[in-house]
Structures are given as structure tokens and as C-alpha cells.
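Okay, so here's the structure we're looking at.
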Amino acid sequence: MNADTPLQLLGGLTAAEFLRDYWQRKPLLVRQAIPDFESPLSADELAGLSLEESMESRIVLEHGKTPWEMRRGPFQEEDYQHLPEQDWTLLVQAVDQFVPEVAQLLEQFRFLPSWRIDDVMISYAAPGGGVGPHFDNYDVFLLQGHGRRRWKVGQMCSSDSPLREHADLRILADFEQSDEWVLEPGDMLYLPPRLAHYGIAEDECMTYSIGFRAPSAAEVLTHFTDFLGQFLSDEERYTDAGLQPVGDDPHQIQRDALERLQGLIQEHMSDERLLLTWFGQFMTEPRYPELVAGEEIPEEELFGALEDGALLVRNPSARLAWSEIDIGLVLFASGQSVLLPGQLKELLKLVCSADALHLENLGQWLADDDARKLLAELVKQGSLEFADE
Ligand code: SIN
Ligand code: CO
């Protein structure tokens with residue numbers, strides 16, 4: 001994608017301009033980001049999804065049994081019969097993994113690294129509904145799907161920002177409004193992380209939240225060091241050959257001990273290949289790993305089916321990414337990684353981006369042993385699967 005092409009989705013800004021001026025910095029309102037956008041899902045269909053065991057859903061009632069009561073799904077049909085006329089919201093997470101038309105929306109966000117995308121959450125709100133003033137630690141694009149919603153934005157927050165006492169929701173005690181807009185279907189609001197915001201349904205409405213993910217520093221450090229630890233032997237220890245005499249007090253930890261420790265840490269932390277391996281695996285870990293379960297199909301059967309016109313598609317729950325290193329390519333697939341020869345680069349790009357893999361676009365790859373092995377492995381692992389007829 002050319003970073004210098006003006007994008008309707010960004011109100012005519014180019015990706016380069018958006019990244020320079022807005023991404024992670026300040027909000028951007030785009031009228032008609034997706035002109036004539038019609039929600040691919042109706043409110044009833046969204047409520048239907050919230051009845052399913054595999055979906056993560058919540059209902060927030062401003063005036064429930066307690067103020068801002070939160071109920072967790074899966075819900076029953078009758079739960080919906082007892083809801084008030086107004087001031088409640090249903091939120092369903094990761095709808096993109098279950099509804100292909102919703103996943104399709106993500107194609108418009110390819111100007112950002114795909115491994116930064118978390119999910120598409122869809123909310124339905126009765127008039128007046130919302131989840132209260134809050135902030136998120138992630139970037140989000142709020143696309144209005146149906147009806148109108150008033151969005152108010154406020155101050156930049158941090159973990160020190162005072163919250164209301166609430167068991168489940170992080171509602172801000174203070175909201176210092178700086179702007180507000182009413183969004184109509186197709187309008188979109190980008191919010192950087194930690195910006196206070198508050199959406200209130202003007203009438204019945206649906207909002208699509210295209211949410212991003214970024215590991216916390218604590219996650220990076222704890223997960224990466226756990227990962228590194230697997231490669232270190234028990235014999236490798238703090239060593240102090242050449243130790244200087246203890247001086248006047250043996251209880252003192254001397255500066256040279258810290259330097260030895262720093263040396264040990266740096267030696268391992270600066271291993272770029274391991275850092276990349278860990279990061280790629282971590283960022284491609286599926287949200288629902290149990291949904292990425294493949295099957296071992298004998299090679300003749302697998303490639304026979306492709307020859308006969310079958311389509312291989314990415315499992316909607318799978319996450320894929322790839323990278324180039326000095327000794328070849330690394331493919332990250334749903335939390336696993338594999339080192340591959342450099343000549344598979346175009347195949348990796350195809351596997352990560354094509355709507356489907358088939359005889360035509362695979363072409364010569366089907367005669368390449370490394371390529372066949374990779375495709376068979378991805379099917380076995382569950383990241384690729386045959387499309388339903
Ligand atoms: C909503 O869609 O109601 C909430 C989205 C958000 O504020 O993050
Ligand atoms: Co939010």
C-alpha cells in the first residue's frame with residue numbers, strides 16, 4: 001500500500017500524514033470514512049452472537065442493580081426481555097473472527113501493521129446507552145455502524161487518574177471534556193491510547209470498535225525473560241572469577257557485582273534473533289487458541305484437493321506475521337515460528353494476505369518442496385483450512 005495515497009478512510013489524509021500527526025497522538029474525526037456504510041450485522045444478529053458460548057459479551061446498564069451494572073455473557077434470550085427501554089449497551093468482542101463481512105472491514109486498515117490489530121468489538125446501545133467516561137490503553141477507531149452516537153473526548157489519562165469505585169468497569173471520576181461530535185453511520189473517530197472518552201447513544205445505535213494491541217512493558221519483560229530462560233542451562237550462573245577482596249565489610253554488595261549482573265543480562269537481552277522469535281510468537285498468539293486446531297492431512301490428499309479446485313483459507317482465529325533475518329525468513333503463525341529459506345518470501349506474503357489460496361495463485365509453489373511442506377504444516381497447525389464448499 002502506498003503511504004502517500006490519500007485515503008477516504010482517513011478523510012483524505014495519506015497514511016504517512018495520519019501516522020505523522022495523529023497515530024498515538026491525537027484524535028481524528030472523519031466524516032463518511034466509509035460512505036454509505038451499512039452495518040453488516042443487525043442488532044438482533046449481534047444479540048444472537050451474545051447467546052453463544054464462544055463469544056465474549058457484556059451488557060452494561062447505567063441504572064442497573066448498581067450504578068453502571070455490568071453483566072457478563074453468554075446471555076439467554078430472556079435476558080433481553082427484561083432490559084429497560086434505554087441506557088444500556090451490549091458489547092461483543094472479536095466479532096471479526098466469526099463474521100467474515102466484519103473481518104473484511106480490517107482490509108481498510110492495512111496501512112497499519114496487521115499484528116497491531118486486536119479485534120473488532122461491536123456494541124449495540126439503546127437510546128442513552130454507553131459505558132461511562134473511561135480511557136483505554138489502546139488505539140481505537142470507532143466506526144458508527146447504525147444510528148447516531150455522541151462522542152465526547154476529554155483529558156489524557158494515566159494509571160493515576162482517579163476512578164469511581166466499581167468492581168468491573170474503570171469509570172473516570174473526573175471527565176474534562178474538550179470536544180464532542182455526533183457520529184452518523186459511516187463516520188469514524190480515531191482515539192489514541194489513554195484519551196478519556198464517553199459515547200452516548202443519541203438513538204438506538206451500533207458502533208464498531210477496531211481495537212489495537214500493544215504489549216505493556218511489564219509483559220514484554222516478563223514474557224521475554226521467561227522465553228529466554230528456556231534456552232539457558234542451569235550451569236550458566238553469576239560468576240565472579242577475579243573477585244576483588246571484600247574490603248572493610250563483607251556484607252556490602254559492591255559495584256562490581258552489579259556490573260557483572262548487567263553484563264549477564266545484556267548478553268542475553270541483546271540477542272536480536274531470540275527477541276524477534278519471542279515477539280513474533282507473542283504477537284501472533286491467537287485470542288482463542290482452541291479455535292486454531294488443525295488436522296494432519298496426507299500430502300497426496302491435501303495437494304490433490306488443491307489440484308481439484310479446493311480453496312485454502314486462513315482460519316479466522318489465526319494470526320500470521322513474517323520477518324526477514326540474516327539467515328532467511330521467519331514465519332510466525334498463531335504463536336509458533338518457523339525458519340524458512342529466503343526464496344519463499346512471495347509465498348509468505350501470499351499466505352498472509354490472499355483471500356484464499358488455490359491452484360491459480362499458488363501456481364509454481366505447488367511444485368516446490370519447501371512450499372509444499374510449509375502449506376502442509378500450516379494446515380496441520382490449523383492456521384490454514386479448507387474453505388467450506
Ligand atoms: C462502545 O462501543 O460503546 C464503547 C467503545 C469504547 O468506548 O471503547
Ligand atoms: Co473505550
Side-chain angles (χ1 to χ4, degrees), residues 1-5 7-9 15 34 40 94-117 119-120 210 280 283-284 286 288 291-325 328-389:
M1 178 175 281
N2 185 344
D4 296 317
T5 310
L7 299 176
Q8 172 100 41
L9 188 79
I34 304 186
V95 181
D96 52 306
Q97 291 195 26
F98 303 91
V99 182
E101 293 81 359
V102 175
Q104 201 55 39
L105 267 181
L106 295 175
E107 293 306 315
Q108 304 233 27
F109 292 86
R110 293 294 170 227
F111 60 92
L112 291 160
S114 63
W115 47 266
R116 286 279 268 119
I117 296 177
D119 70 338
V120 182
I210 295 94
M283 292 310 282
T284 60
Y288 304 119
L291 299 183
V292 186
E295 47 174 334
E296 190 152 12
I297 304 179
E299 269 214 21
E300 318 78 79
E301 205 180 299
L302 171 66
F303 294 103
L306 282 171
E307 301 281 347
D308 290 343
L311 302 180
L312 273 182
V313 290
R314 280 182 304 283
N315 178 332
S317 297
R319 286 185 163 136
L320 295 174
W322 67 276
S323 193
E324 216 155 13
I325 57 171
L329 304 169
V330 198
L331 174 67
F332 303 103
S334 309
Q336 295 180 15
S337 62
V338 52
L339 183 65
L340 296 164
Q343 64 269 24
L344 291 191
K345 187 159 157 183
E346 292 307 313
L347 176 64
L348 292 198
K349 290 199 211 165
L350 192 68
V351 168
C352 291
S353 65
D355 288 340
L357 300 169
H358 44 70
L359 203 53
E360 273 108 274
N361 61 4
L362 285 171
Q364 282 308 306
W365 291 119
L366 291 173
D368 181 301
D369 279 347
D370 289 324
R372 288 168 73 96
K373 204 166 131 223
L374 172 65
L375 292 171
E377 195 52 46
L378 289 172
V379 171
K380 180 173 164 201
Q381 190 234 14
S383 286
L384 291 181
E385 57 193 17
F386 280 113
D388 294 334
E389 292 308 310

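Note that these values count all heavy atoms, side chains included, but never hydrogens, waters or copies made by symmetry.
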Just wondering, do [Y] and [X] contact through their side chains at under 4.5 Å, heavy atoms?
X: Ile210; Y: Gln108; result: no
X: Leu339; Y: Ile325; result: yes
X: Leu374; Y: Leu348; result: yes
X: Pro316; Y: Glu385; result: yes
X: Arg372; Y: Leu362; result: no
X: Val379; Y: Leu312; result: yes
X: Ile117; Y: Asp96; result: no

Considering all heavy atoms of both residues, which atom of [X] and which atom of [Y] are nearest to each other, and what is their separation?
X: Cys352; Y: Leu331; answer: SG-CD1, 4.4 Å
X: Ser323; Y: Phe332; answer: CB-CE1, 4.1 Å
X: Thr284; Y: Gln336; answer: OG1-N, 4.5 Å
X: Leu320; Y: Arg314; answer: CD1-CD, 3.4 Å
X: Val351; Y: Leu375; answer: CG2-CD2, 4.2 Å
X: Glu324; Y: Leu329; answer: CG-CD2, 3.7 Å

Nearest 0.5 Å, what's the [atom1]-[atom2] distance between [X] and [Y]?
X: Leu378; Y: Asn315; atom1: CG; atom2: CG; value: 11.0 Å
X: Lys349; Y: Leu344; atom1: NZ; atom2: CG; value: 13.0 Å
X: Arg116; Y: Met283; atom1: CZ; atom2: CE; value: 7.0 Å
X: His358; Y: Leu366; atom1: NE2; atom2: CG; value: 11.0 Å
X: Asp355; Y: Gln104; atom1: CG; atom2: CD; value: 6.0 Å
X: Ser317; Y: Phe98; atom1: OG; atom2: CZ; value: 5.5 Å

- [ ] Take Leu357 and Leu306 through the test side chain to side chain contact (heavy atoms under 4.5 Å, CB included) and record every step on the way to the result.
- [x] CA-CA 9 Å; Leu357 300 169; Leu306 282 171; 5.5 Å; no

Open item on the list: Quick check on Glu296: does its CD atom have over 12 non-hydrogen neighbours (other residues, nucleotides or ligands) under 6.0 Å away?
Closed with: no

Open item on the list: Quick check on Glu107: does its CD atom have over 12 non-hydrogen neighbours (other residues, nucleotides or ligands) under 6.0 Å away?
Closed with: yes

- [ ] Output, in order, the C-alpha distance, side-chain angles, deciding distance and verdict of side chain to side chain contact (heavy atoms under 4.5 Å, CB included) for Ile34 and Leu9.
- [x] CA-CA 6 Å; Ile34 304 186; Leu9 188 79; 3.8 Å; yes

